[in-house]
**Q** 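Pasting a structure here, questions to come.
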Amino acid sequence: MTLTSTSAKTGRHFRLGILGAAMSLVSATVMTGVAGPGAAASSAASKYNILLIPGLTTDPFYITMGIGAKQEAAKLGVNLQWAGATTWSKSLQIPIVSAKLATHPNALLIAPTDDVALFKPIDAYVTAHIPVIAVDTTLKNTSILTAAISSDNYQGGQTAADTIAKLAHDKGSVAVINVVKGVSTTDLRQAGFLAEMKKYPKMKVVATEYDNDSATTAEAQARALILAHSDLVGIFGTNLYSAQGAARGVDAVGDKGKVFVAGYDAEPAEVQLLKQGVINILVIQNPAMEGQLAVQYAYDVLTGHSSMVKKSVLLPNVVATTATANQPNVAKYFYKTSL
Ligand code: T6T
């Protein structure tokens, strides 16, 4: 991979800039996208092999993360390896994590599909003196991690709740369609949503469903929820597949504009549903920047600059609504579908 000769100082200032801005939900204009120099590449950098294991390899969120990571690896002249399961499954991810240890990467970047079950396989890397950075999701026990990089998931859930409440004039029943219990990101989104809903005395959360990361299941759940609750005014789909499925369910029964949909992420089908007004709001993350920062951090640790690494990073979200979906400063955050 190509080496670059940007100054380490510039790279560090860039990162501190991101982190300073990252503590709250901000508008799209505040975010800078995948940009900025990384730390200086040393001539020995290409000896480093960094392994990135996403939650699943086929999800545009992780594909976009992979693009950011790949670009940063190219800048720094390190090798990036990408490996994972094609569906969200701890029982598929664990054997991949364990098998890849034998390849002795210099650092592991990983989105654990379960915040407890992945502890042991990840700890095996730490025992082998391989630094581990959690990216997107994390573990319950973060003590073994060099760093954890994610989005402000709790605040994203709060925003989803406030948006539905506003659209529904603060009254009616709402439901959550989540992925599976034990996922740090989506658990926090749900917690933020439920806590925020308590601020609306005339609103009631009538159900929390788990779709196991299947849009088809989420669609069936949305249809059933609408049938079961005649006063349903909103559904929060906590990730890409949950939101997509929830919206399709609402659309299929002709409830667009009656049952408001707040979703997460921004792959093409969701964006289309947003533009059509079936989805009313998308909380969008910056996976490319997460991937970029994870590679920068791994490089810092490997080159003796651990003091540059922040133990916990929360990047800000971008909010897109039907009204703003065509704005270039929003559209630039939509996810990519190929690496
Ligand atoms: O929402 C993202 C990610 O942040 C979450 O941890 C799992 O689901 C996604 O990958 C979207 O499908």
Side-chain angles (χ1 to χ4, degrees), residues 22 25 52-69 82 84-90 92-93 109-115 117-118 133-140 148-157 159-160 176-193 210-219 236-248 262-271 273-274 279 281-291 293-294 313-320 333-337 339:
L25 195 83
L52 171 55
I53 301 186
L56 66 166
T57 53
T58 52
D59 177 332
F61 170 85
Y62 292 112
I63 289 170
T64 310
M65 176 190 287
I67 292 170
W82 162 266
T86 54
T87 53
W88 187 275
S89 158
K90 62 183 171 190
L92 291 179
Q93 193 184 40
L109 317 177
I110 183 166
T113 47
D114 185 282
D115 58 12
L118 266 293
I133 297 173
V135 58
D136 179 47
T137 49
T138 189
L139 297 171
K140 259 207 164 76
I149 300 166
S150 192
S151 307
D152 199 337
N153 293 291
Y154 189 87
Q155 202 165 18
T159 299
V176 181
I177 300 186
N178 202 347
V179 182
V180 61
K181 281 184 193 163
V183 181
S184 64
T185 50
T186 49
D187 281 356
L188 274 170
R189 293 169 199 169
Q190 176 173 314
F193 183 87
Y210 292 93
D211 60 26
N212 207 21
D213 216 29
S214 158
T216 311
T217 304
E219 178 175 344
F236 174 37
T238 66
N239 85 335
L240 190 159
Y241 301 102
S242 312
Q244 203 189 90
R248 289 199 173 131
Y264 236 87
D265 301 303
E267 51 69 63
E270 286 180 290
V271 170
L273 288 158
L274 180 71
I279 292 179
I281 174 191
L282 285 176
V283 180
I284 307 176
Q285 308 180 76
N286 196 337
M289 193 178 278
E290 291 184 13
L293 193 57
V313 176
L314 286 187
L315 293 174
N317 302 304
V318 170
V319 169
Y333 295 106
F334 294 163
Y335 301 172
K336 309 283 188 296
T337 51
L339 264 179

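Order of listing sets the numbers, starting from 1, for every ligand and every atom in it.
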**Q** Quick one, list the residues around ligand 1 where some non-hydrogen atom comes in under 4.0 Å, by chain and residue number.
**A**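 If the criterion is a heavy atom under 4.0 Å, then ligand 1 touches Asp59, Phe61, Tyr62, Trp88, Asp136, Thr137, Thr185, Arg189, Asn239, Leu240, Tyr241, Asp265, Gln285.
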
**Q** Less than 4.5 Å apart, side chain to side chain, heavy atoms only: is that true for Val319 and Thr159?
**A**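 SC-SC contact between Val319 and Thr159 confirmed.
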
**Q** Is there a donor-acceptor pair closer than 3.5 Å between any side-chain N or O of Gln93 and the backbone N or O of Pro54?
**A**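 Present.
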
**Q** If you round to the nearest 0.5 Å, how far is CG of Asp115 from NZ of Lys140?
**A**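 Rounded to the nearest 0.5 Å, the NZ-CG separation comes out at 4.0 Å.
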
**Q** Applying side chain to side chain contact (heavy atoms under 4.5 Å, CB included), name anything that partners Ala191, two or more places apart in sequence or on another chain.
**A**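 Side chain to side chain contact (heavy atoms under 4.5 Å, CB included) check on Ala191 returns Tyr154.
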
**Q** Consider only side-chain N and O atoms of Tyr335 and Asp59, and report whether a donor and an acceptor are under 3.5 Å apart.
**A**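 Looking only at side-chain atoms, Asp59 and Tyr335 do not form any donor-acceptor pair under 3.5 Å.
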
**Q** So, Thr238 and Asn178: side-chain donor and acceptor under 3.5 Å apart, yes or no?
**A**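 A donor-acceptor contact under 3.5 Å links the two side chains.
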
